[in-house]
Structures are given as structure tokens and as C-alpha cells.
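Reviewing the structure listed below.
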Amino acid sequence: MGKLLVTGGAGFIGSNFVHLVMDNTDDTVIVLDKMGYAGNESSLVGLPANRFTLVVGDVCDRELVDRLVAKVDTVVHFAAESHNDNSLDDPEPFIMTNLYGTFALLEAVRAHDKRYHHISTDEVYGDLEIGSSERFCETTPYRPSSPYSSSKAGSDHLVRSWVRSFEIRATLSNCSNNYGPRQHVEKFIPRQITNVIDGIRPKLYGQGLNVRDWIHVDDHNSAVLRILEAGVIGETYLIGADGEKNNRSVIESILFQMGQPTDAYDHVTNRPGHDMRYAIDATKLRTELGWEPVHSNFEIGLASTIEWYRTNESWWRKQKKFVEVRYATREQ
Ligand code: NAD
Ligand code: TDX
């Protein structure tokens, strides 16, 4: 891949991707991140200075984006406003970053003829019925539910149209829910782990029967590397590791692993428009590119994630109070 531009590289998945690239290749990485509330510079500590640069800036800044894209061989676009609940409070940053920011990158990639990989989500496909055997695949029609997922859906459409109309060299991936180290404490699993550490009862939206298809962040990122190596230009790959679980069972696992009674949680106000179930069929990625996840035991991955939050309190402590104050305005 040579020189990489990784947008959103100070966020959860992007920072884990940068560590994976540094540990497993000789590539050089420039991270472009606006260091908003979700960017954390400590996630990038310890990277080799001769192969890594952090540029603080906005993917919507076309002049900056053009200058950075010109310097690299490959762009991997992780940067996004990523939290559904925030998109329900205020959709505008989602429209700006997820749509306009993607447009800015596509125009730069087109001008400089660079390889581009677009990171997206399974939420573009809407939701599935609880208990059905249906799963999302690459031909499932788009049916996004929230401002977040519709802005991601729009960004996917932009990429495909730039491939068809301008023949840019792009691939796309849509992944299911990630968990692992360095995930912001606004998200479900880190929120509950840090609640238990702080003696707060975990908060379950509604009855908690909603199902998410969990994948360890390192498995997501190994799939992205495989797509960069062998993916076919213009193609989309769904990334998932057969990790369906309902939210209630995830909270019970966290409580059990942290030595608490498994019913020591509160039911709180449900998310408006809350998607019921996501499930990914990753057959194309597995058969065409030979990718396999390695962290398929959720309980083991959860245990190491709990351990990470226990031993890295300084990484999340500053954000925790702000996040819980915001949640308190939404939940009863
Ligand atoms: P995150 O919120 O942890 O990180 C996003 C990063 O992007 C942050 O560092 C933030 O500062 C940066 N950013 C936001 N707006 C920016 C802008 N205008 N310019 C520059 N940088 C900006 O999110 P994440 O969970 O790591 O998600 C990364 C990508 O993966 C997103 O595109 C998301 O849609 C996708 N995705 C996430 C999941 C998941 O479970 N978290 C699953 C599938 C796909
Ligand atoms: O406190 C909570 N209690 C709760 O029951 C929180 C924060 C969430 N939930 C529920 C809502 C969801 O059903 O847990 C599930 C997971 O919630 P989130 O972590 O907010 O993730 P989700 O909305 O499923 O979206 C995630 O996966 C797809 C990422 O945030 C997206 O960026 C990604 O595209």
C-alpha cells in the first residue's frame, strides 16, 4: 500500500487500524482527524515517528484534503460522525462530515488518481425481524432508519457513482457492530463496562431484545487490509463474524464477568426508531478473498475488552462525565 492516508485515525476503529498497519507492514501513515469529541490522541501514542504523522483537520476542508491525498498512494476513509443517538439530537454534523466530507475525498482521489477504500456500516440496510434467518448481503436494498445511517447510505452511493462515472479505483465495506479497545464510552459496550467500574447500573434501552452482530475491531480491520490487498475495484464486501446477540444478554455477560448480579441493570427510555436486528452474511469476503475472523469467541473478546477499560482508565475518564450528563437528558 506504500503511503496511506487514514481519515478518522484517532477514533475507535481507525486508531486500531493504524496500529495494525504499523505492526504488520512497512507502510507510512498520515492520519487526518479533526480531533472532535471522539478523537483521542492517546490512541496514537507510541507509533514510530518516522512512519507516522497526525494532521489535525477536517475532511470537509477541500484544499487540505487535496494536498494530503496528493502525497499518498491509498486513502482509507474511516472519519465519520458515528453515533446514532447523537444524530437524533442534531443531524447536521452527520450530513456535513459523512456526506460532504466523503465528497471532498472523492474529488481529491479523482483528481490525483489514488486508490480509495470506503468504510461503511451494515445499518445502511435498515433492520431485520427478530427470529428470522434472513441476513444482509451485498445485494440487500438500502433502507436506512436514522440520520446517521442515512448519511452513511448516501456516502456509499456517492462512492459507487464516482466509480461508475469517473472510474475512480474504489472499494467499499459495510461492517457490523465493532467492539474492543479504544471505543468511545458513549457506545453500548464501553458505556456499560465503565458504568460498572463507576458503580452505576448498566442502562438497557427498552426491553433489550434488539440484536447486534458483534465483531472484534481487529477482525474488521484485518478484513479491510485483505480488501486493500485483493479486493476488486468497484466491489462492496460485507464484513461480519456471525456474532449475533441481543443487548440484554450482552449486559448480563458484562455484569457476570465483572462479578455483579446479572440482573443489576436498569431499563431506560428506548431509542426512537431503534433498529431491531442486524445480521451479516460475509460469504463473499470469506470465499472470494479468503478472509476469516480470528476473535470469534465473544466472551473471550469481551473479557479482554473489560480488562482494557480497567487498566486504561486515564484514556476514558475525561469523557465519561460529559457522556453521562448527555444521556441523562434523554433517559428516564
Ligand atoms: P469514532 O466516532 O470512534 O471515530 C470517528 C473519528 O472520525 C474520530 O476520531 C473523529 O474525530 C473523526 N472525525 C469526525 N468528523 C471528522 C471530520 N469532519 N474530519 C476529520 N475527522 C473527523 O467512530 P468509529 O466507531 O471508529 O467508526 C469509524 C468508521 O467505521 C465510521 O465511518 C463508521 O461509520 C464505521 N463503522 C463503525 C462501526 C462501529 O461499530 N463502530 C461499524 C461499522 C462501520
Ligand atoms: O446505553 C445504551 N443502552 C443500549 O441498550 C446504549 C448506548 C445503546 N444501547 C443499545 C442500542 C443498540 O441496540 O445497544 C445497541 C448498540 O448501541 P450503539 O453502541 O449505540 O451502536 P449502534 O447504534 O448499533 O451502532 C453501532 O454499530 C454500527 C455504531 O455506533 C455505528 O457507528 C455502526 O455503524
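Whatever order the structure lists ligands and atoms in, that order sets their numbers, starting from 1.
- Ion pairing between D266 and R201 holds under the 4.0 Å rule for side-chain N and carboxylate O.
- Annotation: atom 1 (O) of ligand 2 to nearest protein heavy atom, R191 NH1, 2.7 Å.
- Taking both residues in full, the closest heavy atoms of S155 and K152 are given as OG-O, 2.7 Å, listed atom of the first, atom of the second, then distance.
- Considering only non-hydrogen protein atoms, atom 5 (O) of ligand 2 sits nearest to Y205 N, 2.9 Å.
- In the vicinity of T121, heavy-atom distances shorter than 4.0 Å reach the ligand 2 atoms 28 (C), 33 (C), 34 (O).
- Of all protein heavy atoms, the one closest to atom 32 (O) of ligand 2 is S82 O, 2.8 Å.
- At the top of the distance list for atom 13 (O) of ligand 2, counting protein heavy atoms only, stands H274 NE2, 2.6 Å.
- The option with the heavy atom closest to atom 14 (C) of ligand 1, from among G8, A80, S151, is A80.
- The backbone of S120, and not its side chain, has at least one atom closer than 4.0 Å to an atom of ligand 1 (non-hydrogen atoms only; backbone = N, CA, C, O).
- Across E123, K203, R271, K187, heavy-atom proximity to atom 20 (O) of ligand 2 is greatest for R271.
- The Y148 neighbourhood of ligand 1 comprises atoms 33 (C), 34 (O), with distances under 4.0 Å to a heavy atom of that residue.
- Short contacts between ligand 1 and A10, defined as distances under 4.0 Å to a heavy atom of the residue, involve ligand atoms 9 (O).
- Atoms of ligand 2 found under 4.0 Å from any heavy atom of Q192 (numbered from 1 in listed order, with element): 1 (O), 2 (C), 3 (N).
- Ligand 2 places these atoms under 4.0 Å from at least one heavy atom of E186: 7 (C).
- Which parts of ligand 2 touch N247 is read off a 4.0 Å heavy-atom cut-off, strictly below it: atoms 10 (C), 12 (C), 13 (O), 14 (O), 15 (C).
- For ligand 1, the polar-atom distance check finds an N/O of D58 within less than 3.5 Å of one of the ligand's N/O atoms.
- Annotation for ligand 2: atoms under 4.0 Å from non-hydrogen atoms of L204 are 5 (O).
- Atoms of ligand 1 lying under 4.0 Å from any heavy atom of G39, numbered from 1 in the order shown and given with element: 8 (C), 9 (O), 11 (O).
- Proximity annotation for atom 34 (O) of ligand 2: of Y265, Y148, F12, Y148 comes nearest, heavy atoms only.
- Where the criterion is an N or O separation shorter than 3.5 Å, residue side chain and backbone included, W214 fails it with respect to ligand 2.
- Atom 9 (N) of ligand 2 has as its closest protein heavy atom F188 CD1, 3.4 Å.
- Taking every heavy atom of H83 and a limit of under 4.0 angstrom, the matching atoms of ligand 2 come to 20 (O).
- Under 4.0 angstrom from ligand 1, the non-hydrogen atoms of K152 all belong to its side chain.
- Considering backbone and side-chain N/O atoms, Y278 never comes within less than 3.5 Å of an N/O atom of ligand 2.
- Distances from atom 39 (C) of ligand 1 to the heavy atoms of D33, I13, I215, N174 put I13 nearest.
- Looking at D85 next to ligand 2, no N or O pair under 3.5 Å apart turns up.
- Among the atoms of N177, some N or O lies under 3.5 angstrom from an N or O of ligand 2.
- Of all heavy-atom pairs between R326 and T329, the closest is O-OG1, 2.6 Å.
- Taking the centre of each ring, F298 and H216 stay at or above the 6.0 Å mark.
- For S176, the heavy-atom gap to ligand 1 drops under 4.0 angstrom.
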